[in-house]
Amino acid sequence: GKYLSRWYPVPSVVWARHAANVIVLLAFLAATGRLQLLKTARPGLQFARGLLLAGATAIFFTSLTVLPLAEASAIGFVMPLFLALLAVPMLGERMDGARLAAVVVGLAGAMLVVRPGSAAFTPYALLPIGMAVCNALYQILTRKVAGVEPALTSLAWGALVGALLFSFALPFYWVTPTEPFHWGLLAAMGVLASIGHFILIKAYD
């Protein structure tokens, strides 16, 4: 994402990431005779998951155009902290002393990276934090549908919603890659997204 955003507008990179994800999934489902898994019994939750995933991806890829990769990733590591806090009211999980201490230490570490109020602080540092919030909410909703819907159904909806959403921006931002290597990277993002999110959803099962 960091590399491709040097050459192409962020909305087109985000669309390509989701579109490649969709192509990989549809090909797999068609080849295994499981296209019926595209049907969901929780369309509202699945659509919200897709919106949050698309938002998190777009915000983070945008942050990579204005921040060093290491800094953006370090700030983005506050996501598990938001996840631990949100799991209490949204999933009914407990916040014990050890987990609370980990959240406090993690937030302190994030503040060392962000350094709000210092001369080095830039508002762009808020972008990975916004990504972390979207990603945490996405994972909360993924946990809610885990065990209720097949993992491949959740995986497909997360990809389809993002691809559809960014298709509307495509006429204004699309730049056709001229390098075969860039096409390969766009395809690789879709494959890696498919594998990574499938593993995440199965973990929540």
Side-chain angles (χ1 to χ4, degrees), residues 1-2 13-29 32 34 37-64 69 72-95 99 102-103 106 110 127-166 185-205:
K2 173 75 173 179
V13 176
V14 176
W15 175 84
R17 170 251 185 270
H18 282 88
N21 195 178
V22 169
I23 293 169
V24 168
L25 283 169
L26 290 181
F28 175 76
L29 292 175
T32 55
R34 290 189 280 180
L37 290 177
L38 293 174
K39 185 177 180 181
T40 175
R42 302 284 192 279
L45 277 178
Q46 295 288 16
F47 188 75
R49 286 181 61 255
L51 286 178
L52 288 165
L53 179 59
T57 306
I59 293 170
F60 190 64
F61 281 12
T62 300
S63 76
L64 295 181
L69 179 60
S73 298
I75 299 170
F77 282 144
V78 297
M79 189 279 294
L81 313 179
F82 288 131
L83 188 59
L85 292 172
L86 290 170
V88 176
M90 296 183 71
L91 295 176
E93 296 189 359
R94 292 190 308 152
M95 176 67 76
R99 192 172 299 180
V103 168
L127 288 170
I129 294 175
M131 178 279 296
V133 173
C134 288
N135 204 352
L137 289 169
Y138 161 76
Q139 294 204 33
I140 291 284
L141 295 188
T142 298
R143 180 67 183 86
K144 281 183 174 290
V145 298
V148 178
E149 300 234 275
L152 287 171
T153 300
S154 294
L155 189 61
W157 272 76
L160 284 166
V161 172
L164 179 63
L165 181 67
F166 280 93
L185 291 180
L186 292 171
M189 280 202 301
V191 173
L192 293 171
S194 299
I195 296 170
H197 286 287
F198 180 77
I199 292 170
L200 173 69
I201 294 165
K202 291 300 288 184
Y204 280 135
D205 278 346

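Across every non-hydrogen atom of Leu53 and Gly158, the tightest pair is CD2-O, 3.9 Å. Here the shortest heavy-atom pairing between Leu165 and Ala54 reads CD2-CB, 4.1 Å. Nearest approach of Gly76 to Ala132, heavy atoms of both residues: O-CB, 4.1 Å. When all heavy atoms of Phe198 and Ala151 are compared, the pair lying nearest together is CE1-CB, 3.8 Å. Pairing each heavy atom of Val103 with each of Ala84, the nearest pair is CG2-CB, 4.0 Å. Residues Ala193 and Asn21 share a closest heavy-atom pair of CB-OD1, 3.9 Å.
Annotation: side chain of Asn135 is not in contact with side chain of Phe82 (no heavy-atom distance under 4.5 Å). Between Thr62 and Val14 the shortest side-chain heavy-atom distance does not fall below 4.5 Å. By the 4.5 Å heavy-atom criterion applied to side chains, His18 and Thr57 are counted as neighbours. Proximity of Met79 to Gln139: side-chain heavy atoms (C-beta onward) are separated by under 4.5 Å at one or more points. The shortest side-chain heavy-atom distance between Ser154 and Arg49 falls under the 4.5 Å cut-off.
Just one residue in the list Lys144, Arg42, Gln46 forms a side chain to side chain donor-acceptor pair (under 3.5 Å) with Glu149, and that residue is Gln46.
Here the CZ-OG distance, from Arg17 to Ser194, works out to 7.5 Å after rounding to the nearest 0.5 Å. Between the CG atom in Leu45 and the OG1 atom in Thr40 there is a gap of 8.0 Å [rounded to 0.5 Å]. In this structure, Leu52 CG and Ile140 CD1 are separated by 11.0 Å, a value rounded to the nearest 0.5 Å. Atoms CG and OG, on Leu64 and Ser73 in that order, are 6.5 Å from each other to the nearest 0.5 Å. Here the CD-CG distance, from Glu93 to Leu86, works out to 11.0 Å after rounding to the nearest 0.5 Å. Once rounded to the nearest 0.5 Å, the distance linking CD1 of Ile201 with CG of Leu155 reads 5.0 Å.
Annotation: Tyr204, atom OH; neighbour count of heavy atoms from other residues, nucleotides and ligands within 6.0 Å is above 12.
Residues satisfying the side-chain contact (heavy atoms from CB on, under 4.5 Å) criterion with Ile23, sequence neighbours excluded, are absent altogether. Residues satisfying the salt bridge (charged side-chain N to carboxylate O under 4.0 Å, His left out) criterion with Arg34, sequence neighbours excluded, are absent altogether. For Phe60, there are no ring-ring contact (aromatic ring centres under 6.0 Å, His included) partners two or more places apart in sequence or in a different chain.
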Candidate pair Leu25 and Leu160, rule side chain to side chain contact (heavy atoms under 4.5 Å, CB included), full reasoning: CA-CA 10 Å; Leu25 283 169; Leu160 284 166; over 6 Å; no
Might you work through the side chain to side chain contact (heavy atoms under 4.5 Å, CB included) test for Trp157 and Val145, ending with a clear yes or no? CA-CA 12 Å; Trp157 272 76; Val145 298; over 6 Å; no
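A perpendicular orientation is assigned to the rings of Tyr138 and His197, their planes being inclined by more than 60° (bins at 30° and 60°).
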